[in-house]
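Have a look at the structure below before the remarks.
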Amino acid sequence: GENVEQHPSTLSVQEGDSAVIKCTYSDSASNYFPWYKQELGKRPQLIIDIRSNVGEKKDQRIAVTLNKTAKHFSLHITETQPEDSAVYFCAATPDTGRRALTFGSGTRLQVQP
Amino acid sequence: GAVVSQHPSRVICKSGTSVKIECRSLDFQATTMFWYRQFPKKSLMLMATSNEGSKATYEQGVEKDKFLINHASLTLSTLTVTSAHPEDSSFYICSARDRPYGYTFGSGTRLTVV
């Protein structure tokens, strides 16, 4: 099955700086790579996703890059704000409709004002 | 967008009792429902995949007799934690795949076994 590794486990940045979180996956059949933000006791919230037919996707301050050859993908947050502080999870799946997401171990991002 | 309603949001039960958690897809048909468990400060770990009208598929190490999953209709899947013990205390969350919205999550259930 799929195995997703995520680094770093914690990340502290100053407000306004950029943050980068990296993930690698093992299953070459995976073709859907979402990123989630989770606040304590809440459901994961999708912040951005990418499919294997593109290498990069951007939505305002958030971007995701994908390198299928190397089997890794990254989340980039620019101009970080205190409200970006949360736990972020990457995930991967061969999106057949019947395969679950496999999650990374999570990154606790703290943005210092 | 797609909505999955999960109930209850919090439950406290006595050791040895059973607890049922429901997930309903409100505006789409969820052929497949995924059940995850999340321990504090940990990631979401897949417990089982339930398919409407057939037996659930459990991940390695998950006791199927302890975590009973029923997916009797295209809009309802239930997880019953039988003979709950304190080590079953966790955050349980369901998820369904709904094109084109992607994977939709329930709001989660915080189970505390005392």
Side-chain angles (χ1 to χ4, degrees), chain A residues 1-11 21 23-27 30-53 57 59 64 85-110, chain B residues 1-7 9-10 23 28-54 56-62 69 71 77 90-112:
Chain A
E2 176 64 276
N3 181 49
V4 178
E5 295 193 356
Q6 182 172 346
H7 300 280
S9 56
T10 60
L11 181 58
I21 303 171
C23 288
T24 60
Y25 63 99
S26 62
D27 189 350
S30 286
N31 59 3
Y32 178 62
F33 308 92
W35 285 88
Y36 292 91
K37 177 182 181 182
Q38 189 182 31
E39 297 179 358
L40 191 62
K42 305 288 186 182
R43 78 186 85 195
Q45 284 185 298
L46 178 70
I47 57 171
I48 196 166
D49 58 11
I50 192 167
R51 296 193 177 271
S52 58
N53 56 347
K57 184 176 177 181
D59 182 5
V64 56
S85 297
V87 179
Y88 291 81
F89 291 99
C90 62
T93 186
D95 189 15
T96 64
R98 290 181 173 258
R99 292 284 299 271
L101 292 167
T102 299
F103 286 85
S105 53
T107 297
R108 183 171 299 278
L109 173 65
Q110 182 126 23
Chain B
V3 176
V4 172
S5 175
Q6 182 171 348
H7 294 280
S9 58
R10 289 178 179 272
C23 278
F28 68 103
Q29 294 181 329
T31 307
T32 302
M33 191 74 77
F34 307 105
W35 288 93
Y36 293 87
R37 178 168 54 185
Q38 187 176 30
F39 291 110
K41 297 187 179 181
K42 298 293 184 182
S43 186
L44 288 83
M45 298 301 295
L46 181 67
M47 298 175 65
T49 300
S50 74
N51 296 300
E52 184 266 336
S54 62
T57 304
Y58 291 81
E59 295 300 299
Q60 193 172 5
V62 178
I69 291 173
H71 195 154
S77 179
S90 188
F91 187 63
Y92 293 87
I93 191 163
C94 60
S95 173
R97 177 75 172 87
D98 173 48
R99 296 177 187 276
Y101 300 109
Y103 290 78
T104 300
F105 288 86
S107 53
T109 298
R110 171 75 56 196
L111 170 64
T112 302

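For the numbers below, each heavy atom of this structure counts, side chains included, while hydrogens, waters and symmetry mates do not. Note on naming: letters A, B, ... go to the chains in the order of the sequence lines (proteins, then strands), and numbering restarts at 1 for each one.
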Report which part of [X] has an atom under 4.5 Å of a heavy atom belonging to chain A: side chain, backbone, both, or neither.
X	value
B/T49	side chain
B/T32	side chain
B/L46	side chain
B/S95	neither
B/F105	both
B/Q38	side chain

Practice item. Please determine which of A/D49, A/I47, A/I50 meets the side chain to side chain contact (heavy atoms under 4.5 Å, CB included) test together with A/V64. Key: A/I50

Check for a donor-acceptor pair, side chain of [X] on one end and backbone N or O of [Y] on the other, with a separation under 3.5 Å.
X	Y	result
A/E39	A/Q45	no
A/E2	A/Y25	no
A/T93	A/A100	yes

Point to revise | chain B interface, residue from A/R98, A/R43, A/R99 that has the most non-hydrogen pairs under 4.5 Å | key: A/R43

Review point. Among A/G106, A/P44, A/G104, which residue forms the greatest number of heavy-atom pairs with chain B at distances under 4.5 Å?
Key: A/P44

Heavy-atom pair with the smallest gap, counting every atom of [X] and [Y]:
X	Y	value
B/V3	B/F28	O-CE2, 3.6 Å
B/R110	A/G41	NH2-CA, 4.2 Å
A/K37	A/S85	CE-O, 4.5 Å

Review point. Cation over ring, B/R97 on B/Y103, under 6.0 Å and within 45°?
Key: yes

Which bit of [X] is near chain B, if near means a heavy-atom gap under 4.5 Å: side chain, backbone, both or neither?
X	value
A/R108	side chain
A/Q38	side chain
A/S9	neither
A/F89	side chain

